[in-house]
Engineer: 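Below: one structure in structure tokens.
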Amino acid sequence: METFDGLNLRLCHELQAAGCPMASHLKEQLEFEEFLAQLSTMFVNVRPDEVDSRITLALQRIVEFLDIDRSGFGEVTKEGFRILQSYELPGIPRSPRVLLEQEFPVYAKLIQRGEVFRMPRDLPPDAIRELEYCRNTGLRSNLTVPLKSMGRVVGGLGMTSFRHEIDWSADLVNRLSLVGEIFTNAIERKQADLELRSREASLSLAHEELRQLAAKLLNAQEEERRRIAREMHDDWTQRLAILGIDVAQLAKESDIPEKMRQPLHAMQNELVRLAEDVHALSRQLHPSILDDLGLVEALRSECVSFANREHITVDYSSKGILGDLPKDVALCVYRVAQEALRNIAKHAAVDEAKVSLIASESEVVLRVEDQGIGFEVESMRSQPGLGLSSIVERIRLIRADLVIDSFPGRGTTIEVHIPRERNNS
Ligand SMILES: Nc1ncnc2c1ncn2[C@@H]1O[C@H](COP(=O)(O)OP(=O)(O)O)[C@@H](O)[C@H]1O
Ligand SMILES: [Mg+2]
């Protein structure tokens, strides 16, 4: 299909043939406009990684359209002007890759000033290096158009001829400035995309570092809990037991005043309760029962002590053969159950809860559920509390999946799915 400009061009040909004096000017203008339109389309919807190859193609088109020998574009950096890409006809000297201030100081300065300039015409007599370059390479004519972004010079677009001189008329210079704008636009988009990607990369790095830190903190916390639990269990409970025995013996002595007997009995009972509390707390801190009796029994015992402590009935069940779960996986499941139960006591406003551990060939599933007040899962995701965030991190560390199902007024279910093959890896 013929384009609008194509149609106009044909009309110009006919006008020219008919001897119209304005026809050739009009034709030139239309040809340039069509050229500009083609260049612009080359950069429409172009992917950032395609920008460079499109620029090379555009440079080739410029060379062909203007009937010149070389065209190139470069960017202004802190070090000076650097040619990024160029296209030249066969046999034509390539653009110097770097045009640092020291090598071509006048050229670099002119570009940085952001003015359109021609070589060798606009070169001052002290541009010794540049004039030498023109002489040595046989450069006859060059035009450099500055590329500006938000009023700042970011680069330049150069067009060079070695074969003949070119009349860089004001009209032509104006039009080539438009070509420069197309280039600037494409480069800006690429730059923006690169920045976005680098920000994304550093964000995901920061995210990863944060996760590693969370993992370290969780491990350190477990380590510390284990240490304190051992101390409480091995040392404090022993000492309390000995103290209890001493008090019991004292109470049996025949020569103590009668009125001391009752308080001594009370002290003995209190010491027994204290020993039990210390023991229970030590088990909560680090469940040695996990190592001794395994996850199924450890969870059962946790449910029983939770029920006694919080006066909430817990229906605990386990199904299937669990087999040997790695220690970190068992501890994670235990901790998630502990936190989920704690949350039920703290938030759910119920007097019943259900805990189940279901083992199948493909996965192990822990489910903790209540029929309490529930909550909005989505709003919780954006601002989770410490309990839920540590659940999420723990689950991620053992490469399991977490499903939180809750709705205001309809209770809460927390499920951990641990695929068998991921545990073995
Ligand atoms: N079983 C539950 N029933 C109702 N609300 C819950 C339950 N579990 C968690 N929530 C809600 O999720 C929030 C975040 O829980 P969590 O991260 O453990 O923090 P915390 O318990 O310290 O408030 C709670 O404040 C509560 O609003
Ligand atoms: Mg909590």
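When a ligand or atom number is given, it counts from 1 through the structure's own listing order. Keep in mind that this is a model prediction, so the values were computed, not measured. What you see below is based on every heavy atom in this structure, not just the backbone, and it leaves out hydrogens, waters and symmetry mates.
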Engineer: With atoms numbered from 1 as shown, which atoms in ligand 1 lie under 4.0 angstrom from a non-hydrogen atom of Met380?
Structural biologist: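 Under 4.0 Å from Met380, ligand 1 has these atoms: 12 (O), 13 (C), 14 (C).
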
Engineer: Hey, which atoms in ligand 1 end up nearer than 4.0 Å to a heavy atom of Lys346?
Structural biologist: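 By the 4.0 Å cutoff, the relevant atoms are 20 (P), 21 (O), 22 (O).
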
Engineer: Give the residue, atom name and distance (to 0.1 Å) of the protein heavy atom nearest atom 25 (O) of ligand 1.
Structural biologist: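 Looking at atom 25 (O) of ligand 1, the protein heavy atom closest to it is His347 CE1, 3.4 Å.
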
Engineer: Has ligand 1 got any nitrogen or oxygen that is less than 3.5 angstrom from a nitrogen or oxygen of Ser389?
Structural biologist: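 Checking ligand 1 against Ser389, no N or O pair falls under 3.5 Å apart.
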
Engineer: State the atom name: nearest N, O or S atom of Glu339 to the Mg ion (ligand 2).
Structural biologist: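 The Mg ion (ligand 2) is closest to the Glu339 atom OE2, counting only N, O or S.
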
Engineer: Whether the side chain of Arg61 engages the backbone of Phe35 through a donor-acceptor N/O pair (distance < 3.5 Å, no angle test) should be reported.
Structural biologist: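 No, because the side chain of Arg61 does not come within donor-acceptor range (under 3.5 Å) of the backbone of Phe35.
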
Engineer: For ligand 1, which atoms sit closer than 4.0 Å to a heavy atom of Glu339?
Structural biologist: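 Selected atoms, number and element: 18 (O).
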
Engineer: Under a 4.0 Å threshold between the charged nitrogen and the carboxylate oxygen, would Asp122 count as salt-bridged to Arg118?
Structural biologist: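 Judged by the 4.0 Å cut-off on N to carboxylate O distance, Arg118 and Asp122 do form a salt bridge.
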
Engineer: Is there a side-chain contact between Asp235 and Arg239 in this structure, where contact means two heavy atoms from C-beta onward sitting under 4.5 Å apart?
Structural biologist: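 Asp235 reaches Arg239 side chain to side chain.
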
Engineer: Give the residue and atom name of whichever protein heavy atom lies nearest to atom 1 (N) of ligand 1, and the separation in Å to one decimal.
Structural biologist: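 Result for atom 1 (N) of ligand 1: Asp370 OD2, 3.0 Å.
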
Engineer: Please could you name the atoms of ligand 1 that Leu386 approaches to less than 4.0 Å, counting only its heavy atoms?
Structural biologist: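 Near Leu386, meaning under 4.0 Å from one of its heavy atoms, ligand 1 has 17 (O).
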
Engineer: Give me the nearest non-hydrogen protein atom to atom 2 (C) of ligand 1 as residue plus atom name, then the distance to 0.1 Å.
Structural biologist: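 Heavy-atom neighbour on the protein nearest atom 2 (C) of ligand 1: Thr412 OG1, 3.6 Å.
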
Engineer: With no hydrogens and no angle check, just 3.5 Å: does a side-chain donor-acceptor pair link Thr56 and Gln85?
Structural biologist: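 Looking only at side-chain atoms, Gln85 and Thr56 do form a donor-acceptor pair, the distance falling under 3.5 Å.
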
Engineer: Should the pair Lys216-Glu209 be classified as a salt bridge under the 4.0 Å nitrogen-to-oxygen rule?
Structural biologist: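 Salt bridge between Lys216 and Glu209, a charged N being under 4.0 Å from a carboxylate O: no.
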
Engineer: Check each of Thr144, Thr160, Asn142 against Met119 using the side chain to side chain contact (heavy atoms under 4.5 Å, CB included) test, and report the only one that passes.
Structural biologist: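 Only match with Met119 under side chain to side chain contact (heavy atoms under 4.5 Å, CB included): Asn142.
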
Engineer: Between Gly385 and ligand 1, does any nitrogen or oxygen pair lie at a separation below 3.5 Å?
Structural biologist: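 For ligand 1, there is an N or O atom that lies under 3.5 Å from one belonging to Gly385.
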
Engineer: Taking the ring of Phe32 and the ring of Phe65, is the distance between their centroids below 6.0 Å?
Structural biologist: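 Distance test on ring centres: under 6.0 Å, yes.
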
Engineer: Where is the nearest protein heavy atom to atom 6 (C) of ligand 1: which residue, which atom, and how far?
Structural biologist: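 For this ligand atom, the closest protein heavy atom is Phe375 CD2, 3.2 Å.
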
Engineer: Specify the protein heavy atom at minimum distance from atom 17 (O) of ligand 1: its residue, its atom name, and the distance to 0.1 Å.
Structural biologist: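 Among all protein heavy atoms, the one nearest atom 17 (O) of ligand 1 is Leu388 N, 2.7 Å.
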
Engineer: Check the side chains of Ser86 and Glu88 for a donor-acceptor pair under 3.5 angstrom, ignoring hydrogens and angles.
Structural biologist: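 Per modelled atom types, Glu88 and Ser86 side chains form a pair under 3.5 Å.
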
